Amino acid sequence: LLLCAAVYLGLVRPQFRRLDALRAAAQRIRGEDFAIRLPDDRQDEIGQLYAETNRMAEALATRAETVAQDRARLNQIIDERTEALRAANMRLERTDEDRRRFFADISHELRTPLTVILMEAQLGRQGAPDPQAAFATIETRATRLNRRIDDLLRIARSETGQLGLDTAPVDLGALVQDAIAETAAELSNAGMTLAAPGALPEVTVEGDRNWLRQVIVGLIRNAIRHARSGGALRLEVKPDGTVAVSDNGPGIAPGDQARIFDRFAQGSGGTAQGFGLGLALA
């Protein structure tokens, strides 16, 4: 019995402990814990099994690190492709919005000169007392309409959709006079009285004469459309290069003032007129 106990305690039990350590290492590897280092200083069968287990753990750790790197790289590629797809979708949405906005702008910009041309043609057909004046108005409006079509086509053809401005010194007073002359018939038909200084000051600014005139004309027409009940419109050119267009209309509700230059935005009060594009174009 003593000999058996000595053999068990001295020889068998240490080997069992070594096997227990090997089983614990295998359980850690099953749990994807590869940070294992079993003592392989003994060259018996269990020591050789320790060495192979250590090499297996190292190989699995290397493979796991490679897989993790590949997964991270794949996730990065997916994120990049997703962001690129999102950006492409946003560009497509902007392109579609620009297309719809362009056609809306065209319909708005061409409506007024065509209306005047048709009105003058009808007056001429009905025997206007001064047909030459009617023809002159039609010719002037047709020329402006043709110029506006060229402007809109230039915007449509540009890659960015932005205006190509022809900047030069502009006499702001003379420009306002041109805008008043262009809208005189519309103001008269609306029954509005225009108050403007007889001799506008000579204020020179840097800008595109054509587009500046269209901005002022757009503001006047906006007042004609929405403030004709006030009966009066005032234009003022200030020495600092500011043009003030004021009317006696109902005004704009404070809640709507932040949206007045948004396309298709219209006031919440009263009956909406037009398409909500005039101030956006201006």
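What you see below is based on every heavy atom in this structure, not just the backbone, and it leaves out hydrogens, waters and symmetry mates. Keep in mind the model is a prediction, meaning the values are calculated, not measured.
Applying the 6.0 Å contact sphere to CZ of Arg63 captures no more than 12 heavy atoms from other residues, nucleotides or ligands. Around the CD atom of Glu139, the shell of radius 6.0 Å holds no more than 12 heavy atoms that belong to other residues, nucleotides or ligands. With a 6.0 Å radius and a threshold of 12 heavy atoms from other residues, nucleotides or ligands, Glu45 has its CD atom at or below the threshold. In this structure, Glu32 places its CD atom where only 12 or fewer heavy-atom neighbours from other residues, nucleotides or ligands lie under 6.0 Å away.
Contact between Ala232 and Asn248 at its shortest, heavy atoms only, is CB-ND2, 3.3 Å. In terms of heavy-atom proximity, Ala227 sits nearest to Gly249 at CB-CA, 3.6 Å. Contact detail for Tyr50 and Pro39: the closest heavy-atom pair is CD2-O, 2.7 Å. For Lys238 against Ala244, the heavy-atom pair with the smallest separation is CE-CB, 4.3 Å. Between Ala223 and Leu233, the closest heavy-atom pair is CB-CD1, 3.6 Å.
Here the side chains of Asp44 and Arg18 are in contact, with some heavy-atom distance below 4.5 Å. The side-chain heavy atoms of Thr53 and Ile29, taken from C-beta on, include a pair separated by under 4.5 Å. Side-chain atoms of Val203 and Asp240, non-hydrogen and from C-beta on, never get closer than 4.5 Å to each other. Counting heavy atoms from C-beta outward, Ile46 and Leu22 have side chains that stay 4.5 Å or more apart. Between Val245 and Asn222 the shortest side-chain heavy-atom distance does not fall below 4.5 Å.
Atom-to-atom distance recorded for Asp247:CG and Arg228:CZ is 12.5 Å, nearest 0.5 angstrom. Within the model, atoms OG1 of Thr66 and CZ of Arg73 stand 9.0 Å from one another, a figure rounded to the nearest 0.5 Å. For the atom pair CD of Glu65 and CG of Asp70, the computed distance is 10.5 Å after rounding to the nearest 0.5 Å. Between atom CG of residue Leu187 and atom CD1 of residue Ile224 there is a gap of 4.0 Å, rounded to the nearest 0.5 Å. Between Ile36 atom CD1 and Gln27 atom CD the span is 10.0 Å, to the nearest 0.5 Å. Note that OG1 of Thr82 is 11.5 Å distant from CD1 of Ile77, once rounded to the nearest 0.5 Å.
In summary, Asp20 and Arg23 engage in a salt bridge, as defined by a charged side-chain N under 4.0 Å from a carboxylate O. Using a 4.0 Å cut-off between charged side-chain N and carboxylate O, Arg86 and Glu83 make a salt bridge. In summary, Glu182 and Arg221 engage in a salt bridge, as defined by a charged side-chain N under 4.0 Å from a carboxylate O. Taking 4.0 Å as the cut-off between side-chain N and carboxylate O, Glu58 and Arg37 count as a salt-bridged pair. Looking at Asp178 and Arg209, a side-chain N of the basic residue comes within less than 4.0 Å of a carboxylate O on the acidic one, giving a salt bridge.
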Output, in order, the C-alpha distance, side-chain angles, deciding distance and verdict of side chain to side chain contact (heavy atoms under 4.5 Å, CB included) for Leu172 and Thr204. CA-CA 6 Å; Leu172 204 55; Thr204 301; over 6 Å; no
Run the numbers on Leu38 and Leu49 for side chain to side chain contact (heavy atoms under 4.5 Å, CB included), then give the verdict. CA-CA 10 Å; Leu38 295 173; Leu49 190 56; over 6 Å; no
* Asked: Passes side chain to side chain contact (heavy atoms under 4.5 Å, CB included), Met119 versus Asn189? Steps please.
  -> CA-CA 11 Å; Met119 181 181 65; Asn189 292 334; 4.0 Å; yes
So Ile180 and Leu194, side chain to side chain contact (heavy atoms under 4.5 Å, CB included) or not? Walk me through it.
CA-CA 9 Å; Ile180 293 174; Leu194 177 64; 3.2 Å; yes
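The cluster map of Ile, Leu, Val, Met, Phe, Trp and Tyr, joined by side-chain heavy atoms under 4.5 Å apart, puts Leu114 and Ile138 in the same cluster. Cluster annotation: Ile220 is not connected to Val217 through the hydrophobic network of ILVMFWY side chains, with a link wherever side-chain heavy atoms come within less than 4.5 Å. Val237 and Leu212 fall within a single hydrophobic cluster, where Ile, Leu, Val, Met, Phe, Trp and Tyr are joined by side-chain heavy atoms under 4.5 Å apart, directly or via other members.
Remark: the backbone N or O of Asp166 is paired with a side-chain donor or acceptor of Asp208 at under 3.5 angstrom. No donor-acceptor distance shorter than 3.5 angstrom exists from the side chain of Glu206 to the backbone of Thr167, with no hydrogens or angles considered. When atom types are taken as modelled, the side chain of Thr183 and the backbone of Ala179 share a donor-acceptor pair closer than 3.5 angstrom. Proximity of a side-chain donor or acceptor of Asp33 to a complementary backbone N or O of Ala35 within less than 3.5 Å is detected. At least one donor-acceptor pair under 3.5 Å links the side chain of Asn89 to the backbone N or O of Leu85.
Checking Gln48 against Glu52 by side-chain atom types alone, no donor-acceptor pair falls below 3.5 Å.
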